[in-house]
Amino acid sequence: QAQLVESGGGLVQAGGSLRLSCASSGRTFNGYAMGWFRQAPGNQREFVAAIAWRGGSTSYADSVKGRFTISRENAENTIYLQMNSLKPDDTAVYYCAADRIPLRPVLSPNTYEYDDWGQGTQVTVSS
């Protein structure tokens with residue numbers, strides 16, 4: 001069974017940067033889009049970014065466009081989320097997940113279309 005493990009979270013001041021990693025063990029995700037999501041206390045889990053399996057197509061939530069960059073290294077079964085210009089509103093637990101359907105033609109922002117969720121990594125941005 002696939003397992004995704006997120007890392008790289010932490011406490012950072014507003015305006016700072018963090019780089020999250022999501023490593024896969026147990027299977028490869030070649031052919032599958034991957035996504036980052038986040039959940040703040042009291043809120044639903046929300047879409048942050050997604051990347052096609054070849055990495056040529058990406059999608060971002062409006063709230064992070066221009067500040068966050070998703071990337072992947074398929075040879076290492078790892079995806080990344082570079083987060084710059086962090087804001088207190090970015091405080092949340094960040095999760096990675098794999099698309100349920102291989103080679104989906106359009107990147108999905110919907111949590112129900114993703115599977116193999118990791119345990120998450122906490123990101124806290126202080127003002």
Worksheet item: If you measure only the distance, is there a donor-acceptor pair under 3.5 Å linking the side chains of Glu113 and Thr111?
Response: no

Fill in: Close aromatic pair by centroid cut-off 6.0 Å: Phe68 and Trp36
no

Fill in: Nearest-0.5 Å distance, CE of residue Met34 to OG of residue Ser71
12.0 Å

Worksheet entry | Closest heavy-atom pair and its distance - Thr58, Tyr60 | OG1-CE1, 3.5 Å

Worksheet, complete the sentence: Between the CE atom in Met83 and the CG atom in Leu20, the distance rounded to the nearest 0.5 Å is 3.5 Å

Worksheet entry | Closest non-hydrogen atom pair between Ala92 and Gln122, with its separation | O-NE2, 3.4 Å

Worksheet item: Where the side chain of Thr121 meets the backbone of Ser7, is there a donor-acceptor pair that is under 3.5 Å apart?
Response: no

Practice prompt. State, yes or no, whether a side-chain contact exists between Arg45 and Arg38 at a heavy-atom distance under 4.5 Å.
Written response: no

Worksheet entry | Spacing of Leu4 atom CG and Ser24 atom OG [to the nearest 0.5 Å] | 5.0 Å

Worksheet item: Is it true that the NZ or CZ of Arg72 lies under 6.0 Å from the centre of Tyr80's six-membered ring and within 45 degrees of the ring axis?
Response: no

Worksheet item: Are Tyr95 and Phe37 near enough that their ring centres are under 6.0 Å apart?
Response: no

Worksheet, complete the sentence: When rounded to the nearest 0.5 Å, the distance separating CD of Gln13 from OG1 of Thr124 is 13.0 Å

Fill in: Interatomic spacing from CD1 in Ile70 to SG in Cys96 - rounded to 0.5 Å
9.0 Å

Worksheet item: Side chains of Thr69 and Gln82: is there a donor and an acceptor less than 3.5 Å apart?
Response: no

Response to the item:
Note: Ala14 and Ser127 closest approach over all heavy atoms is CB-CA, 4.4 Å

Discussion item. Looking at Trp53, I'd like to know if the NZ or CZ of Arg104 sits under 6.0 Å from its six-membered ring centre while staying within 45 degrees of the ring's axis.
Written reply: no

Discussion item. Is there a path of hydrophobic side-chain contacts, each under 4.5 Å between heavy atoms of I/L/V/M/F/W/Y residues, joining Leu18 to Ile51?
Written reply: yes

Item to complete: Using a strict cut-off of less than 4.0 Å between a Lys/Arg side-chain nitrogen and an Asp/Glu carboxylate oxygen, indicate whether Lys87 and Asp90 qualify as a salt bridge.
Response: no

Discussion item. Hydrophobic clustering (ILVMFWY, side-chain heavy atoms < 4.5 Å, transitive) - are Tyr114 and Val5 grouped together?
Written reply: no

Worksheet item: Has the side chain of Thr78 got a donor or acceptor atom that lies under 3.5 Å from a matching backbone atom of Glu73?
Response: no

Fill in: side-chain contact (heavy atoms from CB on, under 4.5 Å) assessment of Phe29 paired with Asp116
CA-CA 11 Å; Phe29 287 99; Asp116 293 316; 3.6 Å; yes

Discussion item. Hydrogens and angles aside, do Asn77 and Thr28 bring a side-chain donor and acceptor to less than 3.5 Å of each other?
Written reply: no

Fill in: Pairwise distance CD(Glu76) to OG(Ser21) - rounded to 0.5 angstrom
9.5 Å

Item to complete: Could you tell me whether the side chain of Glu6 and the main chain of Gln119 form a donor-acceptor pair under 3.5 Å?
Response: yes

Worksheet item: Same hydrophobic cluster for Ile79 and Leu107, using side-chain heavy-atom links shorter than 4.5 Å among ILVMFWY?
Response: no

Worksheet item: Backbone N or O of Tyr112 within a donor-acceptor pair of the Arg100 side chain at under 3.5 Å?
Response: yes

Item to complete: Spell out, yes or no, whether Trp117 and Phe47 are grouped together once hydrophobic residues are joined by side-chain heavy atoms under 4.5 Å, including indirect joins.
Response: yes

